[in-house]
Amino acid sequence: MFKKILIANRGEIALRIIRACKELGIKTVAVYSKADAESLHVRFADESVCIGPPENSKSYLNETNIISACEITDAEAVHPGYGFLAENARFAEMCQECNITFIGPPPEIIRLMGDKVSARQIAKRAGLPILPGSSDSVKDLKEALDVAKSIGFPIILKASAGGGGRGMRVVFSEDALANSFMMARSESISSFGSPDIYVEKFLEKPRHIEFQVIGDQKGNIYHLGERECSIQRRHQKLLEESPSPVVTEKVREKMGNLVVAAMREIKYSSVGTVEFLMDREGNFYFIEMNTRIQVEHPVTEMVTGIDLIKEQIRIAAGQELKYRSKDIRLTGHSIECRINAEDPQNFTPNPGKITAFNLPGGPGIRVDTAAYSEYLVTPFYDSLIAKLIVHARDRAEAIARMERALDEFIVEGIKTTIPLHKKLMRDPYFRQGKYHIEFLSELLGKS
Ligand code: ADP
């Protein structure tokens, strides 16, 4: 096992990784930007290194400074968390070259699955259902039109290198295609540095359902059930739950087996997530794979009792998974609400100083946060300030628990998404599990 790990991240996920390391008896090194000198991840790590000014590109994305920080502290491994360098194959290779273990799958897998076109091709070959669309990136407007005509409008143009809900454009008719194609291509170049875009069938009001996978370097690979992530704003998740209110035991087994077979095919190791859209008839279609830990991993931890970060570290150290699929049981129901420093009406970021901060507690409550009273939410990074996670015997109890926990959660000085989550908990359709990816915008449109 590693003696010392460097955490190339900040905020709640850096703290989450420090917690796992402490329980495993591993020393930790935090890296931080000048804007984060007062952060909890710096305070709770055994050592810390300042890696640059507040801007991401000069600190948390500064590969050379992070590698140097490993060298001066003798850290043997890097945990990238999510975002930043977590899916950067070049950084994973740099680590390898410097004899530092990158906690994640091998760089080749990160590269293949990070490109959405090659991920689609691999998924198809490995037996996962994909949406109708182009088999490769489309080279020009004519090719995009040919594909669109063959699969029928509406379609969605997607950046092959896209992520974070960006780089997508829905096209409803042939007339709108030329303009959208140009815009999609230039957005892809400016945001992701690549002109590659592809065409996919656009599904109206599907549900986003994803499977958590875990595999060691010895070929043992399992799925840990699904998460439903259809409560989204601007194609970004805001609330997640496990299990999904619409996935039956039979469907879970069928989809889970398909996912595990596909992962075995690509020899996946580490934790990962295979994302699907489910249409109104209940058909699943692969959309992408994330080769890292996800923001919403706690809901899976709550229902399986498996600590995904500890497992990820053990796997990277070469240890074998000790359980078998029959040992994996889903117990009860878990919901996570993302508490963002945002205006809940229009989702514009709302940085500032937190003047009062009271965390909820009591049975079945977990809060993953790096915020505290007097903490300054800066404008430089993601607006996520806390994740409120509940676990209960069933979905109804989980909703009731979340409602009372949201009431106990006091954040003053900045606007947050807490009022929006309260509204969701009261909504009769949400309570019945009847929702889809457009549900939240429709709910906000109504009020
Ligand atoms: P990203 O990597 O940016 O998160 P994804 O491919 O995972 O992109 O898609 C993010 C979200 O965009 C999905 O959860 C869904 O809301 C929407 N989306 C993506 N593809 C489609 C599609 N073909 N039809 C309808 N909605 C889609």
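First listed ligand is number 1; within each ligand, the first listed atom is number 1.
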Report the C-alpha distance between T416 and F409 in whole Å, list the side-chain angles of each, state the deciding distance to 0.1 Å, and finish with yes or no for side chain to side chain contact (heavy atoms under 4.5 Å, CB included).
CA-CA 11 Å; T416 74; F409 206 152; over 6 Å; no
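Ligand 1 places these atoms under 4.0 Å from at least one heavy atom of I156: 21 (C), 22 (C), 23 (N). For ligand 1, the atoms sitting less than 4.0 Å from at least one non-hydrogen atom of L131 are 23 (N), numbered in the order shown with element in parentheses. Close approach to G165 involves these atoms of ligand 1, each under 4.0 Å from a residue heavy atom: 1 (P), 3 (O), 4 (O). Residue I437 approaches ligand 1 through these ligand atoms, each under 4.0 Å from one of its heavy atoms: 15 (C), 16 (O), 26 (N). Below 4.0 Å from some heavy atom of E275 lie the following atoms of ligand 1, by number and element: 7 (O). Residue E200 approaches ligand 1 through these ligand atoms, each under 4.0 Å from one of its heavy atoms: 20 (N), 22 (C), 23 (N).
By heavy-atom distance, the residue among K116, E87, K158 lying nearest atom 1 (P) of ligand 1 is K116. For atom 22 (C) of ligand 1, the candidate residues are L277, V199, D279; the nearest heavy-atom contact is made by L277.
Ring centroids of Y381 and Y60 are separated by less than 6.0 Å, placing the two rings close together. Aromatic ring centres of F439 and F430 lie farther apart than the 6.0 Å criterion allows.
Cation-pi geometry between R292 and Y82 is not met: the NZ or CZ atom fails to fall both under 6.0 Å from the ring centre and inside 45° of the normal. Cation-pi contact between R207 and Y435: present, with separation from the ring centre below 6.0 Å and deviation from the ring axis of at most 45°.
Closest protein heavy atom to atom 7 (O) of ligand 1: E288 OE2, 2.8 Å. Among protein heavy atoms, atom 24 (N) of ligand 1 sits closest to L203 N, 3.0 Å. Closest to atom 17 (C) of ligand 1 among all protein heavy atoms lies H235 ND1, 3.4 Å.
Here the shortest heavy-atom pairing between F102 and A86 reads CZ-O, 3.7 Å.
Within a 6.0 Å radius of CD in E253, no more than 12 heavy atoms belonging to other residues, nucleotides or ligands are found.
Donor-acceptor pairing under 3.5 Å is lacking for the side chains of R10 and S59.
Contact check for F276 versus F286: side-chain heavy atoms found under the 4.5 Å cut-off.
Checking only distances, G164 does come within under 3.5 Å of ligand 1, N or O to N or O.
For Q232, every heavy-atom contact with ligand 1 shorter than 4.0 Å involves the side chain, none the backbone.
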